[in-house]
Amino acid sequence: MSGLRDLVLALPEEELREFVLGQRWYGSKAEEVASVRAVDVFPLREEGDSLLAVAVVETRFQSGMHDLYNVPVGLRRGGGGGFASVDGWTAVDALEDEELVLELVGLIRAQASLEHEGGTLEFGLVDGVEPAAPVRPMGSEQSNTSVVLDERLVLKLYRKLEAGVNPELELLRFLSERGFPAIATLQGWAAHVGQPLDATLAILQDYVPVREDGWTMALQDLAAGGDGFVALVRRLGEVTGQMHSVLASDSSDSAFSPEEPSNEALALTVARIDEEIELVFNSLPDEPELEAIAGRGDELRDRLQGLGQSGSLGKLIRHHGDYHLGQVLWTADEDWVVLDFEGEPARPLRERRHKRSPLRDVAGMLRSFSYAASASSLERGVEPPPGWEGQVRSEFLAGYLAEVDPALVQADASLERRLRLFELEKALYELHYELGHRPDWVRVPVAGILQLLDEPA
């Protein structure tokens, strides 16, 4: 009989391709795929009629580039269903099988360490947890997969594998240790050390009962007239300011201690955004939705240079990195909770771990307000009430500045220019992301870039 490793490596490419490319978490839908295959295996259970392993699946593109994905696989002798068959075994997605999910969480609870020929699977525990059924999928995620256990815990699996510690594990551990209340507290994690890479595989968190995420609340409120959400935005600003203050609170931890920017930091930030303008505008496809900004790259560069005269960036800290309305939840206890500390998924992991200005998070949320207003109009045909975006922007900033450590962010005359600088950076990222992942949505970041271009200097 073939061993577990051999069975997973022998999964038929056609069946594996159909499974992987059909998943919500598969992130390169615009790329032309040359091959999909399992290239490595981390065994978890190798005996009996039900086996369990983590498959490292490579999607290689016609361009020669490739991505690696984290695919926990259960193998059951005989039977049907599943997504592939190999040598008398049926392969199933382990996160869709309650028994296998409970086994994965049990390894975290046991703080297991499992060696294989290329390295070690390490499971860590923050507090005593007892995995329990029922297990259900979280639902609306794009790049990862989360399942809820007994309405008490959430197992979040990182699908795309990159070398290094995932910033979400670092940030959640730091915030959890300091008792920051506006998060789903970290309970454990799983990681791989060795070949083919050191990587965070999953985290285990508390489950937080929620009413809605911020994005859904904003759109529903816009459809209803736009008053209810405005009343909650100041509190969101306060929570954001408190989060940044805690993240900057430990000068003894080199990974989190605030840093003074170099004299060249602002110029380097402007140069990086300038490069992104060139990258995005030189590769704009000839599409009707892009006509309004096509050929306006130099004009945007001129606007960038004006924004770059904004003085110091202020202290640099670890921050959320992908902060928007979809990352905050209004809970059953009527307060905000912040989720998904991984940073922007289209940026390399090492870059997402850099210390940056906390205003990048603030600008991300401000852009999200603009995104909601544009989406309400462009996608739903509901025009926002006059002044809605300006009102939520003002309320959020008032709450933020009331709570953030003034040593991090000063409410001086250059604050608005610094915010616009990071809003431009975020809008370019949005456009690049939507072109590659959700082409139907490109008109929303286009509207944001037009707004920046057409407003008075």
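Side chains are part of it too, since the values below use all heavy atoms of this structure and drop only hydrogens, waters and symmetry mates.
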Which atom pair, heavy atoms only, marks the closest approach of A294 to L284? CA-CD1, 4.3 Å
Atom CG of D253: over 12 foreign heavy atoms under 6.0 Å: yes
Show the nearest heavy-atom pair for residues V409 and P358, with the distance to one decimal. CG2-CG, 3.8 Å
Salt bridge present between D454 and R296 (N-O < 4.0 angstrom): yes
In sequence, state the C-alpha distance, the side-chain angles, and the governing distance for L300 and I293, and then conclude on side chain to side chain contact (heavy atoms under 4.5 Å, CB included). CA-CA 9 Å; L300 198 57; I293 61 171; over 6 Å; no
Q410 atom CD, neighbour heavy-atom count above 12 within 6.0 Å: no
Atom CD1 in I317, atom NE2 in H244: separation rounded to 0.5 Å? 5.0 Å
Please check: side-chain N/O of R352 versus main-chain N/O of P167, any donor-acceptor pairing under 3.5 Å? no
Checking S262 side chain against A265 main chain: does a donor-acceptor pair fall under 3.5 Å? yes
Give a yes or no answer on whether the side chain of E58 reaches the backbone of H66 with a donor-acceptor pair at less than 3.5 Å. no
From D206 CG over to R152 CZ, what is the distance, rounded to the nearest 0.5 angstrom? 9.5 Å
So does F61 get a backbone contact from the side chain of E31, meaning a donor-acceptor N/O pair under 3.5 Å? no
Using the side chain to side chain contact (heavy atoms under 4.5 Å, CB included) rule, take W189 and V126 through it: C-alpha gap first, then chi angles, then the decisive distance, then the call. CA-CA 9 Å; W189 66 92; V126 174; 3.8 Å; yes
For E344, which of R356, R353, R360 qualifies under salt bridge (charged side-chain N to carboxylate O under 4.0 Å, His left out)? R360
F369 vs P384 side-chain heavy atoms within contact, under 4.5 Å: no
Quick one: pull up CZ in F281 and CG in L431 and give me the separation to the nearest 0.5 Å. 7.0 Å
Rounded to the nearest 0.5 Å, what separation is found between the CD1 atom of I449 and the CD1 atom of I277? 8.5 Å
When you measure from the centre of the six-membered ring of F422, is the NZ or CZ of R418 closer than 6.0 Å and no more than 45° off the axis? no
Charged N to carboxylate O under 4.0 angstrom, R347 versus E276? yes
Separation between CZ (F174) and CG (L171), nearest 0.5 Å, reads 9.0 Å
Less than 4.0 Å between a side-chain N and a carboxylate O, is that true for K315 and D405? no
Quick one: closest heavy-atom pair of L428 and V280, and the distance? O-CG2, 4.1 Å
Is it true that the side chains of D412 and S414 contain a donor and an acceptor less than 3.5 Å apart? yes
Testing the 3.5 Å rule here: is there a donor-acceptor pair between the side chains of S143 and R159? no
With a 4.5 Å heavy-atom cut-off, do V362 and V404 have their side chains touching? no
Whether E416 and R393 form a salt bridge (side-chain N of Lys/Arg under 4.0 Å from carboxylate O of Asp/Glu) is what I want to check. yes
Verify the distance criterion only: is there a donor paired with an acceptor across the side chains of Q23 and D93 at less than 3.5 Å? no
Side-chain donor-acceptor pair present, D361, T240, cut-off under 3.5 Å: no
Taking all non-hydrogen atoms of both residues into account, name the closest pair between K426 and G364 and its distance. CG-CA, 4.3 Å
When every non-hydrogen atom of V230 is compared with those of V392, the smallest separation belongs to CG2-CG1, 3.6 Å
Point-to-point distance, once rounded to the nearest 0.5 Å, from CG of D213 to CG of L339: 9.0 Å
Side chains of L44 and E103 in contact at under 4.5 Å (non-hydrogen atoms): no
Minimal non-hydrogen separation, A163 against L349, with atom names: O-CD2, 3.7 Å
Got E289 and E434 here, is their nearest side-chain heavy-atom distance under 4.5 Å? no
Which of parallel (below 30°), tilted (30 to 60°) and perpendicular (above 60°) describes Y429 and Y433? parallel
R367: which of H324, E430, E423 passes side-chain hydrogen bond (donor to acceptor under 3.5 Å, both in side chains): E430
Student check: side-chain heavy atoms of D127 and T185 closer than 4.5 Å: no
Hey, can you tell me if W330 and W336 have their rings parallel, tilted or perpendicular (30° and 60° cut-offs)? perpendicular
Start with the C-alpha distance between L325 and M365, add both sets of side-chain angles, then the distance that settles side chain to side chain contact (heavy atoms under 4.5 Å, CB included), and finish with yes or no. CA-CA 7 Å; L325 285 169; M365 188 57 71; 3.8 Å; yes
Is the shortest distance from a Lys or Arg side-chain nitrogen in R272 or E425 to a carboxylate oxygen in the other one below 4.0 Å? yes
Assess whether atom CZ of R380 is packed by more than 12 heavy atoms of other residues, nucleotides or ligands within 6.0 Å. no
Under a 4.0 Å threshold between the charged nitrogen and the carboxylate oxygen, would D340 count as salt-bridged to K156? yes
Using the side chain to side chain contact (heavy atoms under 4.5 Å, CB included) rule, take H320 and F341 through it: C-alpha gap first, then chi angles, then the decisive distance, then the call. CA-CA 5 Å; H320 185 282; F341 287 81; 3.7 Å; yes
Would the number of heavy atoms belonging to other residues, nucleotides or ligands and lying under 6.0 Å from CD of Q62 be above 12? yes
Neighbour count >12 (heavy atoms, 6.0 Å) for atom CD, E18: no
Looking only at atom types and distance, does a side-chain atom of S176 sit under 3.5 Å from a main-chain N or O of L186, one as donor and one as acceptor? yes
Between E98 (side chain only) and V135 (backbone N and O only), is there a donor and an acceptor less than 3.5 Å apart? yes
Are L329 and V208 packed together at the side-chain level, in the sense that at least one heavy-atom pair is separated by less than 4.5 angstrom? no
Would you call the rings of H192 and F42 parallel, tilted or perpendicular if under 30° counts as parallel and over 60° as perpendicular? parallel
Electrostatic pair R350-E162, nearest N-O below 4.0 angstrom: no
side-chain hydrogen bond (donor to acceptor under 3.5 Å, both in side chains) evaluation trace for E342 with Y158: CA-CA 10 Å; E342 301 166 64; Y158 301 115; 5.4 Å; no
Determine whether P134 and D150 make a side-chain contact, defined as any pair of heavy atoms from C-beta on separated by less than 4.5 Å. yes
Anything under 30° is parallel, anything over 60° is perpendicular, the rest tilted; go ahead and classify W441 against W215. tilted
Answer whether the closest heavy-atom distance between the side chains of P345 and K160 falls below 4.5 Å. no
